[in-house]
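Below: the structure, in C-alpha cells.
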There are 2 protein chains.
Amino acid sequence: MNANHDGDRVEAALGRLRELGERITPARQAVLRVIDTADRAEEHLSAEHIGERVATLEPSVHRATVYRTLTALTGAGVLTHVHLGGTGTVYHLATPASEAAPGVSPAAYGTDVSEPHGHGHTHVQCVVCGRVQDAPPGVLDEAARIMRDDLGFELDTSHAALLGRCADCVPT
Amino acid sequence: MNANHDGDRVEAALGRLRELGERITPARQAVLRVIDTADRAEEHLSAEHIGERVATLEPSVHRATVYRTLTALTGAGVLTHVHLGGTGTVYHLATPASEAAPGVSPAAYGTDVSEPHGHGHTHVQCVVCGRVQDAPPGVLDEAARIMRDDLGFELDTSHAALLGRCADCVPT
DNA sequence: CTGCCTGCAAAGGATTTGCACTCAT
DNA sequence: ATGAGTGCAAATCCTTTGCAGGCAG
C-alpha cells in the first residue's frame, strides 16, 4: 500500500546514484530505505542507530558497511547530515528540493565539503530533553546576511543544529 | 607582566570555586590556566588538547583528571563549552560578563538546569579549514526572537557553533 | 580528621581500516 | 571480467569508571 510511496524518494535517490555511476547494492538500498522511513516519521537517526535498523532489515549487512555507505552516499549527494551539539550526527535523505515536507531537511549537498548551498531546514535541539525539531524557514536568514556582510562568512544554515530549550523544557 | 594579567581571570575563577565550596587543587589550577591562556590567544581547545597542555604544565596531572575537572568546573559554572559541528567540544573560561569580547552584553540568564553558559558570543566554524571564529554580537538575536515567538523555543546562542565557509575558503 | 579529588589502569563504545572475496555492471 | 563494495575482525581513538590512596579544607 504505502510501500510504494515510501519507495518513491528511495527510487529517486537510487536513480541519482545510477546517473553518477555509483552501484546499487542491497546495503545501500537498505540504508536509504531506513533513512527515508525515519525522515517521514520526523526521526533523526545517527549512524549507529541507522545501523541497528539496517540490521533488522537486512541482517547480512555489516555495521562497517553502514558507516562506509553513509559516507559514500553523502559524498554522492543523496544524503545529508546534520551535526547535533554533542550528541552526534544525524542523516537525512537529500531531497532534490521537491517535496519539502515538514520534518524533512532538504539540502543539495554536492560532493564532499564543497557545497555553498545549504538551503535546507535548520534544526534545533533541546539541551534538556534532547528533542530535535525543525526551525521555521528562514530563521537564519538574518544571521547569514550579517555573517556575509560582516565577515564574508558564508553560513550553511542547515549543517549544524542550534541548541536551546524547547517549549516543554523552558522553565516558566 | 602579563603572567599576572593571565592570572586575573584564573584568580576570579578560583574565587568562585571557593565560594562554592569546591576545592582548589593543582590539577584544577593547571586546567584553568591552560584555558585562560588559550582564550587570550583566541584558541579553541578540546578536552584532549587541554589535556596535552596540562601535561606539559603539570605532568603529574592525569588525563582522566582533566576530563573530570572539565566536567566539574563546567558544572560549577566557571567553565563553558561550545559544541563544534562534528569536531568535538571546546572549552572556555566562563567570564563573569565582564570583559568577554568587544560589545558582548551579559546574556540574561534564567535557570541553571543544564548550562551555566557564559562565553557569551556565538562561534562559527569553517567546514573547509576548520577555523573557529567569533561571530558579531547579536547575530542570532533575530533567530532567537523568531524561535521564541514561533515555537516557544529559547535559543542558547553560544552553546553550539554555526557552520559555513570563512572568507578565505569561500569559492569566489 | 573527612571525604573530595586524584592517579592508575582497565573497560567502554563508536568509528575506521586492511585484506580478501563477491557481486553489480 | 573487473573493480567498486562488502564482510570480518582487529585496531584506534577518545572518554569514562572502579578503586584505593592523598591532599585540601
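For the numbers below, each heavy atom of this structure counts, side chains included, while hydrogens, waters and symmetry mates do not. Note on naming: letters A, B, ... go to the chains in the order of the sequence lines (proteins, then strands), and numbering restarts at 1 for each one.
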Can B:His121 and B:Asp134 be counted as having a side-chain donor-acceptor contact under 3.5 angstrom? yes
Each nucleotide N or O in nucleotides 18-25 of chain C that has a protein N or O under 3.5 Å away: list the pair and distance.
{"unit_1": "C:dG18", "atom_1": "O6", "unit_2": "A:Arg68", "atom_2": "NH1", "d": "3.3"}
{"unit_1": "C:dA24", "atom_1": "O3'", "unit_2": "A:Ile24", "atom_2": "O", "d": "3.3"}
{"unit_1": "C:dT25", "atom_1": "OP1", "unit_2": "A:Ile24", "atom_2": "N", "d": "3.2"}

Salt-bridged, B:Arg16 to B:Glu19, with N to O below 4.0 Å? no
Could you give the OH-to-P distance, from B:Tyr67 to C:dA11, as a whole number of Å? 19 Å
In whole angstroms, how far is the C1' atom of C:dT15 from the CG atom of A:Leu70? 11 Å
Would you say the rings of A:His81 and A:His159 are close, in the sense that their centroids are separated by under 6.0 Å? yes
Nearest-Å distance, NE2 (B:His62) to C1' (C:dC8)? 5 Å
Which donor-acceptor pairs under 3.5 Å do the side chains of residues 54-66 of chain B make with protein atoms, sequence neighbours left out?
{"unit_1": "B:Thr56", "atom_1": "OG1", "unit_2": "B:Arg53", "atom_2": "O", "d": "2.9"}
{"unit_1": "B:His62", "atom_1": "ND1", "unit_2": "B:Ala64", "atom_2": "N", "d": "3.0"}

Measure CD/A:Glu48 against P/C:dT16 and give the value in whole Å, please. 12 Å
Comparing A:Ser46 with B:Arg63, nearest DNA chain C nucleotide closer to 5' gives the residue B:Arg63
How many Å lie between CG on B:Leu20 and P on C:dC5, as a whole number? 11 Å
Using a 3.5 Å distance criterion without hydrogens, assess whether the side chain of B:Glu154 forms a donor-acceptor pair with backbone atoms of A:Gly164. no
Give me the first and last nucleotide of DNA chain D, going 5' to 3', that has any atom under 4.0 Å from a heavy atom of chain A. D:dG3 to D:dA9
Tell me if a side-chain donor or acceptor on A:Thr89 pairs with a main-chain N or O of A:Val82 at a distance below 3.5 Å. no
Taking side chain as C-beta onward, heavy atoms only, is A:Thr74 less than 4.5 Å from A:Tyr91? yes
Earlier contact from the 5' end, DNA chain D, for B:Thr89 and A:Thr65: A:Thr65
Using a strict threshold of under 4.0 Å (side-chain N to carboxylate O), is an ion pair present between B:Arg9 and B:Asp39? yes
